[in-house]
2 protein chains.
Amino acid sequence: MRIGELAQKSGLTTSRIRFYERIGLLKAVDRRLNGYRTYSSQAVTILGLITTAQRAGFTLDEIRALLPSDLTHWDHAALTGALTRKVADIEALQVRLGQSKAQLLRLIEDIQARPEDMDCAANARRVLTNVLAKHTEDLTVTSDDVRLPDRTDRPLSLKPGAGRKVVSR
Amino acid sequence: MRIGELAQKSGLTTSRIRFYERIGLLKAVDRRLNGYRTYSSQAVTILGLITTAQRAGFTLDEIRALLPSDLTHWDHAALTGALTRKVADIEALQVRLGQSKAQLLRLIEDIQARPEDMDCAANARRVLTNVLAKHTEDLTVTSDDVRLPDRTDRPLSLKPGAGRKVVSR
DNA sequence: GCTAACGTTGAACATAAGTTCAGCGTCAAG
DNA sequence: CTTGACGCTGAACTTATGTTCAACGTTAGC
């Protein structure tokens, strides 16, 4: 089939399919004499796998490292290893999400719990102090701490090495 | 204080502080006659708030929209609204994380549950079919469905509008 | 033979949140 | 007076995941 049909069958755009080829992720492609790409029905499966893996939190680089050229011949060890690590990543993120959610809920309550006799400015200071309490602790500790406190100070997202970043320098 | 001291006190880099100023996020800055930036101790608080909000999943744009120029004068309604929406975003992501994790665990089990009498190729096909089952359903349904199935087909991350994307076109 | 739909390419653009760099100015100590 | 640390600017670069565009080639139907 040509690229348009593959796009339709896989639900991806043609630009995305060409992009995957360019970065070496989709190698199952041939060329007709006129230069048109041709795909077998395997390509649909591969694209399905790619988007499924993406949904599960794998980057395209990770997927490329795991996807074999022959779909019937996987690297079992690497695969289950990567899957297990991804589960751990997810669990770590779940923990952080729970903490963030709890902090937000506490904050919402705290804002609404302004004592009748307190003016807004004072309330703001009170809430502000509470919000920054944990962070400031971190800071004062960090300032002459040797082991970094695991970098929880970054946006919430499921990135490959989200936990243990080794700054090679 | 000058920028270096603020960087040290806030734990951010000077480039990051200048960047925040450039994008209009940190307005609490004055200039000496020599061109050097000067900050009050409020700036430390503001930077602390910014990184705390970032950790909780707010983008810099969102933070800019919520941060008042006067820390004692917040927009209560906008703030609690944003906080509540962020909690909802987190809950949505928690659900997706749970699903992804469950799928990965199922997949790991499935890979290891290869029947003794089945060769690797056949096992690969079996597992592959299972993995893609849900996705293929989605696809066949989507093809002539009116309401989009809520775009769960994208990487896991906590982005502002992660749930309900309105394509204005 | 024309037109519409499809295909090709390379390059540029988009986003978010910064970092890095070159080239220059300022300031305090020795 | 020199040196080193600190500061300034604007521009370019980074990462990941694509999209968009212009300019051109191919093919099928009429």
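Below, read A as the first sequence line, B as the second, and so on, with proteins coming before strands; counting in each chain starts at 1.
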- Message: By nearest atom, which of the nucleotides D:dT19, D:dG18, D:dT26 is closest to the A:Tyr36 side chain?
- Response: D:dT26

- Find the distance B:Ile23:CD1 to C:dA17:C1' and express it as a whole number of Å. 8 Å

- Message: Once you apply a heavy-atom cut-off of 4.0 Å, does B:Ile3 come out as touching a base, just sugar-phosphate, or nothing?
- Response: sugar-phosphate

- Item | Distance in angstrom units between B:Ile17 CD1 and D:dT9 C1', rounded | 17 Å

- Task: Give a yes/no on whether any side-chain N or O of B:Asn34 is located under 4.0 angstrom from OP1 or OP2 of D:dC8.
- Result: no

- Task: Quickly work out the A:Leu33 CG to D:dT27 C1' distance and round it to whole Å.
- Result: 14 Å

- With the threshold set at 4.0 Å, does a side-chain nitrogen-carboxylate oxygen contact exist between A:Glu109 and A:Arg114? no

- Distance test, side-chain N/O of A:Arg18 to OP1/OP2 of C:dT8, below 4.0 Å: yes

- Message: Output the rounded distance in Å from CZ (B:Phe19) to P (D:dT14).
- Response: 17 Å

- Give a yes or no on whether a salt bridge exists between A:Arg31 and A:Glu21, defined as a side-chain N under 4.0 angstrom from a carboxylate O. yes

- Query: Between A:Met1 (CE) and C:dC6 (C1'), how many Å, whole number?
  - Reply: 16 Å

- Message: Strictly below 4.0 Å: does B:Arg37 bring a side-chain N or O up to OP1 or OP2 of D:dC8?
- Response: yes

- Query: When we call it a touch if two heavy atoms are under 4.0 Å apart, what does B:Thr14 touch: a base, just sugar-phosphate, or nothing?
  - Reply: nothing

- Roughly, in whole Å, what's the span from CZ in B:Arg16 to P in C:dG18? 4 Å

- Phosphate contact (C:dT19 OP1 or OP2) by B:Thr13 side-chain N/O below 4.0 Å: yes

- Message: Using OP1 and OP2 only, check whether a side-chain N or O of A:Arg31 sits under 4.0 Å from C:dT9.
- Response: yes

- Can you tell me how far P of C:dA16 sits from CD of B:Gln54, to the nearest Å? 13 Å

- For B:Asp70 and B:Thr72, what are the C-alpha separation, side-chain angles and deciding distance, and is it a side-chain hydrogen bond (donor to acceptor under 3.5 Å, both in side chains)? CA-CA 5 Å; B:Asp70 176 2; B:Thr72 66; 2.9 Å; yes

- Check the distance between C:dA17's C1' and B:Glu62's CD and give it to me in whole angstrom. 14 Å

- Options C:dT19, D:dT17, D:dT19, nucleotide nearest the side-chain atoms of B:Arg22: C:dT19

- Atom pair CD1 (A:Ile108) and CG (B:Leu79), whose distance is rounded to the nearest 0.5 Å: 8.5 Å

- Message: Could you tell me if A:Arg55 and A:Thr52 have a donor-acceptor pair between their side chains, going purely by distance under 3.5 Å?
- Response: yes

- Item | Phosphate contact (C:dC6 OP1 or OP2) by A:Gln8 side-chain N/O below 4.0 Å | no

